Novice: 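Sharing a structure, written as structure tokens. Questions coming.
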Amino acid sequence: MTTQNNVLPTARKPLDLRALLDNWAMLLAAVSIFLLCALLIDNFLSPLNMRGLGLAISTVGIAACTMLFCLASGHFDLSVGSVIACAGVVAAIVMRDTDSVMLGIGAALLMGLIVGLINGIVIAKLRVNALITTLATMQIVRGLAYIFANGKAVGVSQDQFFIFGNGQLLGVPVPILITIVCFVFFGWLLNYTTYGRNTMAIGGNPEAALLAGVNVDRTKILIFAVHGVIGALAGVILASRMTSGQPMIGQGFELTVISACVLGGVSLSGGVGMIRHVIAGVLILAIIENAMNLKNIDTFYQYVIRGSILLLAVVIDRMKQR
Amino acid sequence: MHAQLQTHNAGARLSFTGIGKTFPGVKALDGISFTAQPGQVHALMGENGAGKSTLLKILGGAYIPSSGTLQIGEQTMAFKCAADSIASGVAVIHQELHLVPEMTVAENLFLGHLPSRFGVVNRGLLRKQALACLKGLADEIDPQEKLGRLSLGQRQLVEIAKALSRGAHVIAFDEPTSSLSAREIDRLMAIITRLRDEGKVVLYVSHRMEEVFRICDAVTVFKDGRYVRTFEDMSTLTHDQLVTCMVGRDIQDIYDYRPREHGEVALKVDGLLGPGLREPVSFQVHKGEILGLFGLVGAGRTELFRLLSGLERTTAGQLELCGQTLQLRSPRDAITAGVLLCPEDRKKEGIIPLASVAENINISARGAHSTFGWLLRDGWEKGNADQQIRAMKVKTPNAAQKIMYLSGGNQQKAILGRWLSMPMKVLLLDEPTRGIDIGAKAEIYQIIHNLAASGIAVIVVSSDLMEVMGISDRILVLCEGAMRGEQRREHATESNLLQLALPRGLAN
């Protein structure tokens with residue numbers, strides 16, 4: 001053994017099992033649950049069911065990518081469910097009136113951007129609590145969705161629009177592809193850009209971030225603006241799958257997205273979060289829901305089970321930190 | 001009921017025997033032994049960081065001493081929490097009062113044991129008990145009033161009334177007059193005198209000489225966490241004796257001061273006013289100079305730094321950096337200009353605890369080293385972190401270690417590394433060695449010297465007189481939000497700096 005007692009030993013520890021588990025536990029859990037379901041439940045692995053599972057993951061998965069940024073910065077966003085509904089409605093109406101798919105999608109994304117900007121500016125500049133701000137915009141946007149749609153679903157007749165929801169590439173549905181792209185892109189954004197790193201710093205210690213020269217307000221506004229746009233994108237895809245913009249869709253969706261993130265290991269108090277947490281959380285929630293449907297478990301019981309899993313996950317997380 | 005439980009402690013003296021308190025890397029208290037007699041007001045004096053507050057925290061049950069015993073009368077006390085201390089008849093009146101502004105005076109007085117029946121508060125009884133409590137202390141206070149509407153002096157009286165209602169026999173005051181008006185001070189003095197005459201043990205922590213000579217019967221002096229001596233006879237004690245005793249012994253030269261060449265003016269502050277400053281502040285600091293800023297707690301040092309680092313907006317005055325006017329709207333402006341701050345409260349304002357050492361070092365400089373300003377360059381990120389860790393001698397297993405697991409000294413060195421990754425003109429250090437062990441202190445002084453030698457202007461705020469005198473070329477003294485004087489290194493003595501730092505009119 002050499003006695004290299006340098007200040008900076010980059011020597012790797014033999015095998016840090018604990019750190020390994022901490023980092024990958026939830027993803028491992030997701031894979032285990034998947035395998036368990038594959039073994040125990042008939043038809044779970046059938047192409048039809050896999051496709052359904054993938055589609056179920058897609059909407060939550062896309063929105064969870066940017067919710068990760070909100071949570072990592074120490075905030076969260078309740079308005080995303082309403083944004084999804086309103087984006088579908090706006091896209092459908094604009095397409096109906098202009099017959100242009102591009103304009104429809106553009107208008108929907110613009111709507112998401114505006115909602116996100118409002119959230120971000122109110123939270124960052126006026127220093128209003130994110131819970132209250134997004135609770136308010138959640139209701140406003142939901143109301144607007146109903147007003148725009150006149151209270152009922154707005155049908156879409158442009159065939160090109162359906163590519164986003166029902167198209168396939170090499171046998172894989174487009175929504176799943178978009179979700180994978182989002183996972184990769186936002187995971188990269190969080191780790192390899194100043195924007196992502198600043199987001200983590202703000203959530204970790206806002207005062208220290210400010211004093212270190214991070215433009216805290218601008219970063220926060222950006223986080224919410226991007227979240228608005230991505231929420232709207234998820235709404236457009238959902239509308240495409242359903243061939244209509246429905247103002248009543250996505251009620252409680254925001255809580256599902258936050259649950260998925262937290263279940264995967266993203267901290268509600270900010271500063272902790274990785275894209276693999278999000279992927280794990282989204283997978284676990286979707287697989288369990290899918291399994292429960294295949295097993296014909298009553299919806300009422302499904303609520304109880306989903307809630308219990310979330311509670312169990314956060315309690316375990318708490319105990320781990322002690 | 002409460003009062004009866006404690007009667008056996010009444011008339012008992014309070015003694016500390018060999019009390020020590022160690023925090024990771026720091027000895028806050030070491031072998032403190034003295035006795036405070038009932039029917040006396042006993043002052044505790046010493047510079048900031050001498051250990052007075054730590055001792056009061058031990059008395060109040062907030063800290064458990066690492067060694068030694070605390071006795072009330074013949075009984076040895078082992079307080080595990082604040083409730084133990086209160087139950088034994090001890091009350092500590094802190095600078096920041098532990099009261100709820102949104103609740104009424106009466107509710108505050110009986111918080112935790114409101115008179116109730118089956119959980120329903122008996123409002124009539126509460127009011128009656130509250131009135132009885134306040135009687136003779138502050139008869140003018142209406143128990144129904146919201147606490148937040150009272151003046152600070154009145155709130156303090158509520159806190160005292162609360163302590164007495166719980167049958168406190170030992171009452172400790174921590175800088176009780178720091179935010180009171182002259183009238184309120186007189187009233188507090190009268191009350192303290194009364195408590196003394198009732199045979200209670202009163203501990204009194206204050207920087208204000210005048211008050212100590214006015215009401216105290218004995219003074220115990222602390223320095224660097226150690227007991228220096230107790231003066232039992234106030235009539236033969238002089239101000240000078242007391243100050244000399246507080247300043248005390250020499251310490252070995254860990255500062256390693258070397259004279260340097262000073263260049264032209266780096267930062268010129270002209271008539272600066274803002275939150276926390278009572279009078280306009282003007283001074284200059286030169287390239288290569290280390291300027292010390294000394295003052296007691298509340299002198300406005302940190303506030304001045306908040307203005308210089310762009311955290312607070314100035315209300316008047318001008319800043320000039322290397323001959324050019326400097327406008328600061330946010331910390332970013334200051335950082336861009338090269339005015340960099342190492343904040344006082346490392347945990348709260350300095351580090352991002354959950355992030356790695358590398359993150360904490362790179363966060364400020366990376367914008368300039370990223371592709372298009374936002375795409376991180378892996379090579380630079382790793383290289384810079386490693387380089388700063390090596391240069392600052394940060395002791396960490398690797399750059400990916402979460403910074404929260406490092407000691408205070410290593411966290412401070414990492415933050416210095418953060419700023420050394422940037423182009424720097426002026427470095428503002430706020431209490432750079434607070435809570436840091438002696439070895440790391442010496443390393444940090446070394447770094448400060450090297451920075452100054454490379455032509456950077458360094459301003460160091462410290463409440464540690466030895467440190468200020470040890471490293472500074474020139475020392476400015478602040479007191480109560482105003483500049484009180486300046487001493488060159490060769491003329492600075494502990495007593496002349498302390499005289500300047502003590503509130504005017506009280507020192508002489």
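Chain identifiers are assigned alphabetically (A, B, ...) following the order of the sequence lines, protein sequences preceding nucleic acid strands; residue numbering begins at 1 within each chain. Only a predicted model underlies this, so the values are computations on that prediction, with no experimental measurement involved.
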Novice: If you look at every heavy atom in A:Ala208 and B:Arg418, which pair is closest and at what distance?
Specialist: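 Shortest heavy-atom contact: O-NH1, 4.4 Å.
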
Novice: Quick one: closest heavy-atom pair of A:Thr194 and B:Ser370, and the distance?
Specialist: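 Distance-wise, the nearest heavy atoms are CG2-OG, 3.7 Å.
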
Novice: Against chain A, work out which of B:Ala355, B:Ala400, B:Gly350 has the most heavy-atom pairs shorter than 4.5 Å and name it.
Specialist: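 Greatest number of close heavy-atom pairs with chain A: B:Gly350.
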
Novice: Side chain from CB out, backbone as N, CA, C, O: work out which of these in B:Ile335 comes under 4.5 Å of a heavy atom of chain A, or both, or neither.
Specialist: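 The side chain, not the backbone.
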
Novice: Other residues, nucleotides and ligands only: do more than 12 of their heavy atoms fall within 6.0 Å of CE on A:Met102?
Specialist: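 Incorrect, the count does not exceed 12.
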
Novice: I need the single residue from A:Asn215, A:Val214, A:Leu210 that forms a side chain to side chain contact (heavy atoms under 4.5 Å, CB included) with B:Pro331. Which is it?
Specialist: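 The option that passes is A:Leu210.
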
Novice: CG/A:Leu211 to CG/B:Leu341 distance, rounded to the nearest 0.5 angstrom?
Specialist: 6.0 Å

Novice: Could you report the tightest heavy-atom contact between B:Leu376 and A:Asn191, atom names first, then the distance?
Specialist: CD1-O, 3.7 Å

Novice: Got a donor-acceptor contact below 3.5 angstrom from the A:Asn205 side chain to the B:Lys347 backbone?
Specialist: yes

Novice: So which part of B:Leu375 gets closer than 4.5 Å to some heavy atom of chain A, the side chain, the backbone, both or neither?
Specialist: both

Novice: Would you mind listing every side chain to side chain donor-acceptor pair (under 3.5 Å) that reaches into residues 328-339 of chain B, with sequence neighbours excluded?
Specialist: B:Arg329-B:Asp333

Novice: B:Ile363 and A:Ala201: which non-hydrogen atoms are nearest, and at how many Å?
Specialist: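 Between these two residues, the closest heavy atoms are CD1-CB, 3.5 Å.
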
Novice: Is it true that atom OH of A:Tyr192 has more than 12 heavy atoms of other residues, nucleotides or ligands lying nearer than 6.0 Å?
Specialist: no

Novice: Which pairs, with at least one residue in residues 373-424 of chain B and sequence neighbours excluded, count as a ring pair (Phe, Tyr, Trp, His ring centres under 6.0 Å)?
Specialist: B:His369-B:Trp380

Novice: Given that the side chain runs from C-beta out, which part of B:Glu359 has a heavy atom under 4.5 Å from chain A: side chain, backbone, both or neither?
Specialist: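 Interface part for B:Glu359: side chain.
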
Novice: For the CZ atom on A:Arg276, are there more than 12 heavy atoms of other groups (residues, nucleotides or ligands in this structure) within a distance under 6.0 Å?
Specialist: yes

